[in-house]
Every structure is written in structure tokens, then in C-alpha cells.
Amino acid sequence: MSEFITIKENRDFIRLYKRGKSFVSPVLVTYVMKNKSGEVRYGITTGKKIGKAVKRTRARRVIRESFYELYPCIKSGYDIVFVARGKTPFVKSQTVKMAMQKHFEMAGIVLKR
């Protein structure tokens, strides 16, 4: 799949916050929920508590890069929302990737190899 499907509608974010399963680490919060479309959709949230625009953009970039690396290992049919935390703009993408992988394993959405 060449195109990644993003979640853009506010109602989809709210649905995941209310009904999705959450996983927390110091650099990232992940919400996971099964969807009916059969495809993996993802969204990224960075609030103003993260910092000004430069830091929020860096946080989104680091999260997106980590997700793209782990995407082939994810089962299809899930909505995933990532929420950046205060440390996210200051850590390397490898740290975020390890936290994300741990969240995926805890959620049970990693394909068996």
C-alpha cells in the first residue's frame, strides 16, 4: 500500500478517545480500536502543551517516521491515534519507535513473523 490513510474527522478522534484502548509511555500515548473498514488508519495529535509550532511539528514528524517503519507489521482493520507528550520533540525517533512497538505488542495488533 503506497498511500497511508489518515484520520482527519474530529468525531473519529473523539470515538477513539472514549472507546479505544490506551497505552501510555513517557514519550507517547497510543489509542487503538478495531474499525469496520479493514484498513489501518492513523492520526496524530500534538497539543499546545508540547510547545510552539516548531516543537509540535518535530513531534509529529518523529511519530510519523516511527509509524511508517512499523506499518508493515500491523494487522489490518485498526484505527490508531498517537498523542505526543512533553518529551516527544526532544527524543530521537528510535526511542519513539520502541515505545510505539511496545504499545502495539500490548494491544495485540502485531503480525506474527
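Side-chain contact between Arg64 and Tyr42: present, with at least one pair of heavy atoms (C-beta onward) separated by less than 4.5 Å. For the pair Phe4 and Phe67, the minimum side-chain heavy-atom distance is below 4.5 Å. Side-chain contact between Ile109 and Val40 is absent, with no heavy atoms from C-beta onward closer than 4.5 Å. Residues Val27 and Arg85 are not in side-chain contact: their nearest non-hydrogen atoms beyond the backbone lie 4.5 Å or more apart.
Here the CZ-CZ distance, from Phe104 to Phe23, works out to 10.0 Å after rounding to the nearest 0.5 Å. Summarising the geometry, atom OG belonging to Ser66 is positioned 8.0 Å from atom CG belonging to Leu28; distances are rounded to the nearest 0.5 Å. Ile80 CD1 to Thr6 OG1: the interatomic distance, rounded to the nearest 0.5 Å, is 13.0 Å. The CG atom of Leu70 lies 9.5 Å from the CD atom of Glu105; values are rounded to the nearest 0.5 Å. With rounding to the nearest 0.5 angstrom, the CZ atom of Phe82 is 14.5 Å from the CZ atom of Arg60.
Closest approach of Thr46 and Ala84 over heavy atoms only: CG2-CB, 3.5 Å. Across Pro89 and Ile50, no two heavy atoms sit closer than the pair CG-CG2, 3.5 Å.
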Under the side-chain contact (heavy atoms from CB on, under 4.5 Å) rule, what do Asp12 and Arg41 come out as? Steps first, then yes or no, please.
CA-CA 10 Å; Asp12 292 333; Arg41 300 187 317 157; 3.7 Å; yes
Output, in order, the C-alpha distance, side-chain angles, deciding distance and verdict of side-chain contact (heavy atoms from CB on, under 4.5 Å) for Ile63 and Thr88.
CA-CA 8 Å; Ile63 291 170; Thr88 308; 4.1 Å; yes
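Taken together through direct or relayed side-chain contacts under 4.5 Å among Ile, Leu, Val, Met, Phe, Trp and Tyr, Val62 and Phe90 form parts of separate hydrophobic clusters. Hydrophobic clustering (ILVMFWY, side-chain heavy atoms < 4.5 Å, transitive): Tyr78 and Met106 are in one cluster. Tyr31 and Ile74 fall into different hydrophobic clusters, where Ile, Leu, Val, Met, Phe, Trp and Tyr residues are linked whenever their side-chain heavy atoms come under 4.5 Å apart, directly or through other members.
Within a 6.0 Å sphere centred on NZ of Lys34, heavy atoms belonging to other residues, nucleotides or ligands number more than 12.
Contacts of Ser76 classified as side-chain hydrogen bond (donor to acceptor under 3.5 Å, both in side chains), with partners at least two apart in sequence or in another chain: none.
Side-chain atoms of Asn35 come within 3.5 Å of backbone atoms of Glu39 as a donor-acceptor pair (strictly under, hydrogens ignored).
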Side-chain polar contacts of residues 15-22 - donor-acceptor pairs under 3.5 angstrom, sequence neighbours left out - could you list them?
{"residue": "Arg15", "atom": "NH2", "partner": "Asp79", "partner atom": "OD2", "Å": "2.7"}
{"residue": "Tyr17", "atom": "OH", "partner": "Thr45", "partner atom": "OG1", "Å": "3.0"}

Pair up each side-chain donor or acceptor in residues 91-100 with any protein partner under 3.5 Å, not counting sequence neighbours, and list the distances.
{"residue": "Lys97", "atom": "NZ", "partner": "Glu69", "partner atom": "OE1", "Å": "2.9"}

